[in-house]
2 protein chains.
Amino acid sequence: MSKTIEEICQLLAEKDYKLTPQRRIIMETFLEHGERHLSAEDIYSLVKSKHPEIGMATVYRTLDLLADLGVLQKMNFGDGRSRYEFSEQDEHHHHHLICLSCGEVLEFADDLLDSLEKAIAEATQFKITDHQLKFYGYCKKCQ
Amino acid sequence: MSKTIEEICQLLAEKDYKLTPQRRIIMETFLEHGERHLSAEDIYSLVKSKHPEIGMATVYRTLDLLADLGVLQKMNFGDGRSRYEFSEQDEHHHHHLICLSCGEVLEFADDLLDSLEKAIAEATQFKITDHQLKFYGYCKKCQ
DNA sequence: TTTCATGCAAAGGTTTTGCATACGC
DNA sequence: GCGTATGCAAAACCTTTGCATGAAA
């Protein structure tokens with residue numbers, strides 16, 4: 001499960017960030033549409049429909065902030081813009097299958113990589129905080 | 001091993017692409033600096049120092065072409081620009097460890113994912129052509 | 001000679017920044 | 001009230017495109 005809005009607000013407060021209406025609106029929008037991999041533009045459109053006064057720059061700044069706090073994860077699926085999704089640190093990771101033809105992104109649950117991660121950390125002396133696995137190919141429709 | 005320049009030229013010929021001096025120069029530059037994960041700008045600078053008449057657009061077009069031919073692989077390490085490296089299809093995959101502090105990129109060989117890939121292909125009906133695994137963390141120096 | 005590739009500059013798209021104003025704490 | 005956040009517009013980037021010229025096959 002992703003965090004609740006109260007948990008996120010608490011994270012903000014802990015780091016002395018202000019809880020502004022804009023930040024709350026953006027967080028709520030994310031919680032309502034969390035299933036998708038939203039771009040900044042997606043968020044901006046969703047938010048703008050109900051709160052036209054909000055600015056694009058605020059969306060970008062808020063997404064950056066939430067990514068820094070570890071609430072969101074910034075991803076790149078190769079379509080020229082960043083996309084964001086809730087990071088689910090305590091849970092098992094999920095990975096992405098990206099269709100090279102239609103761009104569809106499927107999710108795939110898996111935690112096989114944990115042991116691999118440990119082995120790599122030991123071998124390279126890296127302190128690994130996260131990993132990201134993407135499969136590229138063609139979905140059933142596009143083959 | 002990555003392909004030799006002759007093999008790449010042959011690929012071009014097979015698909016009726018012309019072998020221009022610019023394309024040759026860019027391929028040679030890549031072969032000379034193949035160990036790194038070069039951006040278009042990196043290639044442009046390297047190429048420009050010996051052949052100042054070459055244009056940025058040609059670099060982009062050639063990199064795209066080589067990626068289409070399967071010679072290069074376009075990657076994204078989250079620094080706002082695409083990076084390219086030789087794709088080594090016949091060999092075992094290698095993956096990347098990216099330091100979130102200094103941006104260093106380490107490579108890590110592994111082929112544990114082949115069986116996972118098969119299982120996922122079966123479960124999702126995707127025809128998987130490639131995968132990409134990235135670990136994020138902090139390198140020895142930055143911890 | 002025909003067709004494709006190049007170079008340049010301009011356009012496109014995404015993200016960041018400067019600055020005056022507004023607002024949370 | 002202090003200091004941070006916002007909105008707007010401009011700027012900064014990376015990448016793509018249009019078009020006349022030039023070169024490969």
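In what follows, chains carry the letters A, B, and so on, assigned in the order in which the sequence lines appear, proteins first and then strands, with residues in each chain numbered from 1. The structure displayed is predicted, hence computed values, not measured ones.
- Only A:A57, A:Y60, A:R61, listed by number, bring a heavy atom of residues 47-61 of chain A to less than 4.0 angstrom from any atom of DNA chain C.
- Heavy atoms of A:S82 sit under 4.0 angstrom from primed sugar atoms or phosphate atoms, though from no base atom.
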Name the atoms and distances for all side-chain donor-acceptor pairs under 3.5 Å in residues 121-137 of chain A, with sequence neighbours left out.
from: A:T124; atom 1: OG1; to: A:I120; atom 2: O; distance (Å): 2.8
from: A:T124; atom 1: OG1; to: A:F126; atom 2: N; distance (Å): 3.3
from: A:T129; atom 1: OG1; to: B:Y136; atom 2: O; distance (Å): 3.2
from: A:D130; atom 1: OD1; to: A:H93; atom 2: NE2; distance (Å): 3.0
from: A:D130; atom 1: OD2; to: A:Q73; atom 2: NE2; distance (Å): 2.5
from: A:H131; atom 1: ND1; to: A:E117; atom 2: OE1; distance (Å): 2.5
from: A:K134; atom 1: NZ; to: A:N76; atom 2: O; distance (Å): 2.6

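- At a non-hydrogen distance threshold of 4.0 Å, B:Y17, B:K18, B:T20, B:Q22, B:R23 from residues 12-28 of chain B come into contact with DNA chain C.
- Side-chain contact check for A:T29 versus A:K50: every heavy-atom pair is 4.5 Å or farther apart.
- Rounded to whole Å, the distance from CZ on A:R81 to P on C:dT16 is 15 Å.
- With 3.5 Å as the limit, one finds a donor-acceptor pair spanning the side chains of A:H94 and A:E85.
- B:S101 places no side-chain N or O within donor-acceptor distance of the main-chain N or O of B:C142, the cut-off being under 3.5 Å.
- At least one donor-acceptor pair under 3.5 Å links the side chain of A:S45 to the backbone N or O of A:E41.
- Ring pair B:H37/B:Y84: centre-to-centre distance not below 6.0 Å.
- Taking atom NZ of residue A:K74 and atom P of nucleotide C:dT14, one finds them 14 Å apart after rounding to whole Å.
- One hydrophobic cluster holds both A:L63 and A:Y17 under the rule that ILVMFWY side chains link at heavy-atom gaps under 4.5 Å.
- Across the protein-nucleic acid pair, A:N76 atom CG and C:dT15 atom C1' stand 13 Å apart, rounded to whole Å.
- Atom C1' of nucleotide C:dT14 and atom CG of A:L38 are separated by 16 Å, given to the nearest angstrom.
- For the pair A:R83 CZ and C:dT15 C1', the computed distance is 15 Å after rounding to whole Å.
- A side-chain donor-acceptor contact under 3.5 Å links A:D42 to the backbone of A:S39.
- Put simply, CG on A:D79 is 12 Å from P on D:dT16, counting in whole angstrom units.
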